[in-house]
Number of protein chains: 2
Amino acid sequence: MSKQELAVLGQDDANGCCPGLLTTPLGEEQAVKLAKVFKALGDPVRLRLLSMIASRESGEICVCDLTPAFDLSQPTISHHLKLLRQAGLIDCERRGTWVYYWLLPEMTDKLASLLTRPGQPAEAAS
Amino acid sequence: MSKQELAVLGQDDANGCCPGLLTTPLGEEQAVKLAKVFKALGDPVRLRLLSMIASRESGEICVCDLTPAFDLSQPTISHHLKLLRQAGLIDCERRGTWVYYWLLPEMTDKLASLLTRPGQPAEAAS
DNA sequence: CCTCTATGTTGACGAACTTCGAAGCAAGAT
DNA sequence: ATCTTGCTTCGAAGTTCGTCAACATAGAGG
């Protein structure tokens, strides 16, 4: 359940991953990979899901705690979680009856640094 | 041409804008606003456009320099530029015959800080 | 005025996305 | 074994998106 087919921004990229986005024109291939991640973030439901998952003290959260926060069917939530997982933003594991999700901080860190300008040593939001 | 209808993440938000995304569950309204920006980034063509605009020494670039970099019709490029503009990521101005675009760093800074974890003082990508 | 070049806008069409209900699967309880 | 609960997958409906051709607009230069 954990293995995903999408490597998106793999650490094994040719030119040391990503030259910066705001400093060097992005290549087409990298643009395609990056776009998939941003697209995954481009939906209010998925943003809230990610936020709920990431902001848990314990580091993980059960699907059964996510679903009731939305006016959506369970299949729909499951679908959105799948997209976040395929984007490399989260991962999950089944433990007995329940499935737990957690954040993969490498990806959000990567995005943050890509969006950070050379001069601007971005600090966490207020 | 410069005025846009979308305030997205306005500085005049109620609770000081955005509580962090990775530290506090995102409210529905904020999620909707944020999603529009990420959705604008969720396309390879728009990512490359933004990258080309942002990485210009002069700080601005003419549409006539953007269009030939893509295998797309000029109206399509124009359409993507419009979406980036409505997302608050870029702005433009007509000077004589040509139209120039430039980055609005406030938005990318905002996104970077939203994706930055409390402990992690993100630095610009390599 | 008219023409030419550079961009933006409109309308249309196929592809992709969001959502749901129904069905499937996995694990615990009876 | 069977039932129940939690979650995912499947198939279909409605909506949104990316793209282009055609048309519209703005300014430069006759």
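Chain letters run A, B, ... following the sequence lines, proteins first and then strands; every chain starts at 1. Since we're looking at a predicted model, the values are computed, not measured.
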### Task
Please name the pair of heavy atoms, one in B/Ile53 and one in B/Leu103, separated by the smallest distance, quoted to 0.1 Å.
CG2-N, 3.6 Å

### Message
In this structure, how many angstroms lie between the P atom of C/dC17 and the CD atom of A/Gln86, rounded?
### Response
10 Å

### Message
Please report the distance, rounded to the nearest Å, between NZ in B/Lys36 and P in C/dC17.
### Response
20 Å

### Query
Any side-chain N or O of B/Arg94 less than 4.0 Å from the OP1 or OP2 oxygen of D/dT25?
no

### Query
Who are the salt bridge (charged side-chain N to carboxylate O under 4.0 Å, His left out) partners of B/Glu60, not counting sequence neighbours?
B/Arg95

### Task
Provide, to the nearest angstrom, the distance between the NZ atom belonging to B/Lys82 and the P atom belonging to D/dC17.
13 Å

### Message
Need one value for A/Arg95: base, sugar-phosphate or nothing, where a base atom within 4.0 Å counts as base even if backbone is also close, heavy atoms only.
### Response
nothing

### Message
Measuring to OP1 and OP2 of C/dT7, would you say a side-chain N or O of B/Tyr100 lies under 4.0 angstrom away?
### Response
no

### Summary
Taken to the nearest whole Å, OH/B/Tyr101 to C1'/C/dG8 is 8 Å

### Query
Can you tell if the side chain of A/Arg85 reaches within under 4.5 Å of the side chain of A/Asp91, non-hydrogen atoms only?
yes

### Message
Looking at A/Leu89, is its backbone amide N or carbonyl O close enough to the side chain of A/Thr108 to form a donor-acceptor pair, meaning the two atoms are under 3.5 Å apart?
### Response
no

### Task
Please answer whether the main-chain N or O of B/Val63 pairs with a side-chain N or O of B/Thr67 as donor and acceptor at a distance below 3.5 Å.
yes

### Query
Between residues 57-80 of chain A and DNA chain C, which residues have a heavy-atom gap below 4.0 Å?
A/Asp71, A/Leu72, A/Ser73, A/Pro75, A/Thr76, A/His79, A/His80

#### Entry: For atom CG of B/Leu81 and atom P of C/dT9, their distance in whole Å
11 Å

### Query
Can you find a side chain N or O atom of A/Arg46 that sits less than 4.0 Å from OP1 or OP2 on C/dT18?
yes

### Task
Round to the nearest Å and state the distance from B/Glu93 atom CD to D/dG27 atom P.
12 Å

### Summary
To the nearest angstrom, the CG-P distance between A/Leu49 and D/dC7 comes to 13 Å

### Task
Ignoring hydrogens and angles, tell me if any N or O in the side chain of B/Thr116 forms a donor-acceptor pair with the backbone of B/Ala112 under 3.5 Å.
yes

### Query
If you measure from CG on B/Leu81 to OH on B/Tyr101, what distance do you get to the nearest 0.5 Å?
4.5 Å

### Query
In whole angstrom, what separates B/Leu84's CG from D/dG18's C1'?
14 Å

### Any B/Lys39 side-chain N or O less than 4.0 Å from OP1/OP2 of D/dC17
yes

